[in-house]
Amino acid sequence: RSTAKRYEPSDKQTTFADVAGLEGVKADLQEIVDFLKAPEKFQRLGGRIPKGVLLNGPPGTGKTLLARAVAGEAGVPFYSVNGSEFIQMFVGVGASRVRDLFQTAKEHAPAIIFVDEIDAVGRQRGAGLGGGHDEREQTLNQILSEMDGFSGVESVIVVAATNRPDVLDPALLRPGRFDRHVTVGRPTFKGRQEIFKVHTRDVPLDNDVDLNRLAAVTIGLTGADIRNLVNESALWAARNNRTRVFMADFDYARDKVLMGAKREEVLGQ
Ligand code: ATP
């Protein structure tokens with residue numbers, strides 16, 4: 001039994017086309033795609049494929065989506081776990097779960113392991129004043145030793161995501177571990193335009209809908225917020241028995257979503 005949710009290459013593929021904006025980030029990650037597509041090409045010249053990539057950015061900016069897209073672009077399986085699961089669900093067995101996960105990924109290499117919220121297990125060790133963090137430390141130590149155990153021929157790349165890079169144990173960031181860092185920021189105006197385009201692909205829009213104006217009035221929103229906004233607009237339009245979504249529906253949903261985003265900010269999200 002593996003802890004990881006596994007996605008095979010035959011599943012519906014996420015690709016870079018699903019990730020709007022973030023052109024620079026996608027260009028950085030293309031290198032990882034190339035490694036995974038043809039690891040031998042790089043290993044033949046004695047090169048060691050990178051083991052770990054850290055995606056750093058606020059929640060909802062598309063880190064999971066990007067990791068999935070890297071796997072999709074390369075056509076390799078994607079094994080995903082969440083750091084907080086190790087703390088909440090796998091009490092007493094965190095380290096062995098990590099071992100199983102890496103074992104499975106190696107058997108199906110080239111492959112990607114995605115660890116969301118790595119900070120939940122990867123906080124600086126010894127910072128908990130001894131208060132029952134052994135479990136977490138053992139899990140973290142297991143991740144480190146698995147990564148150190150790669151000889152570079154396994155072609156498994158671990159992609160981790162965090163919005164708290166400042167609390168990470170420096171041991172995670174050492175050469176040969178998560179030594180490639182990619183920052184995923186909130187989208188720019190152009191990014192928001194593109195995210196609106198992607199998420200309204202299958203939504204019937206009235207001619208009065210102006211996605212440029214929407215992009216202009218959603219400063220600070222993430223891709224996840226925009227997806228939510230589009231969904232709320234469609235639901236509101238349907239509730240009002242409309243067969244297309246109008247600009248007024250977007251304006252209504254925007255107020256609702258902005259209010260939610262504010263509340264999260266106040267709660268320190
Ligand atoms: P978290 O830290 O909460 O896990 P995340 O950065 O991993 O957040 P995702 O889970 O990838 O964010 O984003 C949630 C959803 O928001 C995605 O599945 C996608 O629908 C949408 N989304 C986010 N960013 C983008 C983007 N750049 N382009 C298109 N859709 C996006």
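Whatever order the structure lists ligands and atoms in, that order sets their numbers, starting from 1.
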Where ligand 1 meets [X] - atom numbers and elements under 4.0 angstrom, heavy-atom basis:
X: Leu22; value: 27 (N)
X: Asp116; value: 4 (O)
X: Thr64; value: 4 (O), 5 (P), 7 (O), 10 (O), 11 (O)

ILVMFWY network linking Phe250 to Val198, side-chain heavy atoms under 4.5 angstrom: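 They do not share one cluster, since no chain of ILVMFWY contacts under 4.5 Å joins Phe250 to Val198.
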Test side chain to side chain contact (heavy atoms under 4.5 Å, CB included) applied to Phe78 and Ile113, step by step: CA-CA 6 Å; Phe78 179 81; Ile113 293 176; over 6 Å; no
Which residue supplies the protein heavy atom nearest to [atom], what is that atom called, and how far is it?
atom: atom 2 (O) of ligand 1; answer: Lys63 NZ, 3.2 Å
atom: atom 11 (O) of ligand 1; answer: Leu65 N, 2.9 Å
atom: atom 22 (N) of ligand 1; answer: Gly223 C, 3.6 Å

Test item, [X] contacting ligand 1 (heavy atom, 4.0 angstrom):
X: Thr61; answer: yes
X: Arg68; answer: no
X: Asp18; answer: yes

Residue Asn207 excluded, over 12 heavy atoms near CG under 6.0 Å: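 Result for CG/Asn207: open.
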Short N or O distance, Ala20 and ligand 1, threshold 3.5 Å exclusive: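 The answer is yes, given that Ala20 and ligand 1 share an N or O pair closer than 3.5 Å.
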Backbone or side-chain N or O of Gly60 under 3.5 Å from ligand 1 N or O: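 Between Gly60 and ligand 1 (N or O atoms, distance only) the closest approach is under 3.5 Å.
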Ligand 1 contact on His199 by region, counting heavy-atom pairs under 4.0 Å: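 Under 4.0 Å from ligand 1, His199 contributes side-chain atoms alone.
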Region of Arg227 that comes within reach of ligand 1 [heavy atoms, distance under 4.0 Å]: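 Answer for Arg227: side chain.
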side-chain contact (heavy atoms from CB on, under 4.5 Å) partner of Val158, chosen from Phe102, Tyr79, Phe114: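 The side-chain contact (heavy atoms from CB on, under 4.5 Å) with Val158 is passed solely by Phe102 among Phe102, Tyr79, Phe114.
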Test applied, side-chain contact (heavy atoms from CB on, under 4.5 Å); reference residue, Leu66; option that passes from Thr14, Val159, Leu29, Thr61: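 That would be Leu29.
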Side-chain heavy-atom pair Glu23, Glu194 within 4.5 angstrom cut-off: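 Result yes, sub-4.5 Å side-chain heavy-atom pair found.
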Verdict with reasoning, Arg213 to Asp251, per salt bridge (charged side-chain N to carboxylate O under 4.0 Å, His left out): CA-CA 10 Å; Arg213 184 166 85 71; Asp251 286 332; 3.1 Å; yes
Closest to atom 9 (P) of ligand 1 (judged by heavy-atom distance), picking from Ala161, Ala224, Gly62: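 Nearest option to atom 9 (P) of ligand 1, by heavy atoms: Gly62.
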Heavy-atom pair of closest approach, residues Glu73 and Lys37: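 Answer, listing the atom of Glu73 first, then Lys37: O-CE, 3.5 Å.
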Qualifying ring-ring contact (aromatic ring centres under 6.0 Å, His included) pairs, either residue in residues 172-201, two or more places apart: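 Output for this query is empty, none listed.
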